[in-house]
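Read through the structure below, which is laid out as C-alpha cells, and then see the notes.
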Amino acid sequence: MEKALRGWLDSHGLLAITAAVLGVISLLAMILVVGGFWLAR
C-alpha cells in the first residue's frame, strides 16, 4: 500500500496532490451545507 502510494505521488507531483486535497475539502463542505439545509427544512 505504502509503495503504491509513494509511486503515485512521485508520478503525479505536487499539483495533483493539491488538487485532490482541495477537491476533498470542497466535497466535504458541500455535504455539510446540503445536509444542514436538509436538516433545517
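In this text the structure is predicted, and so the values were computed from the model without any measurement.
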N/O donor-acceptor pairs under 3.5 Å from side chains in residues 22-40, not counting sequence neighbours:
residue, atom, partner, partner atom, Å
S26, OG, L22, O, 2.7
S26, OG, G23, O, 3.1

Q. Restricting to pairs with a member in residues 31-41, which pass salt bridge (Lys or Arg N to Asp or Glu O under 4.0 Å), not counting sequence neighbours?
A. none
Q: Give every residue pair that meets the salt bridge (Lys or Arg N to Asp or Glu O under 4.0 Å) criterion with at least one member in residues 7-29, sequence neighbours excluded.
A: none
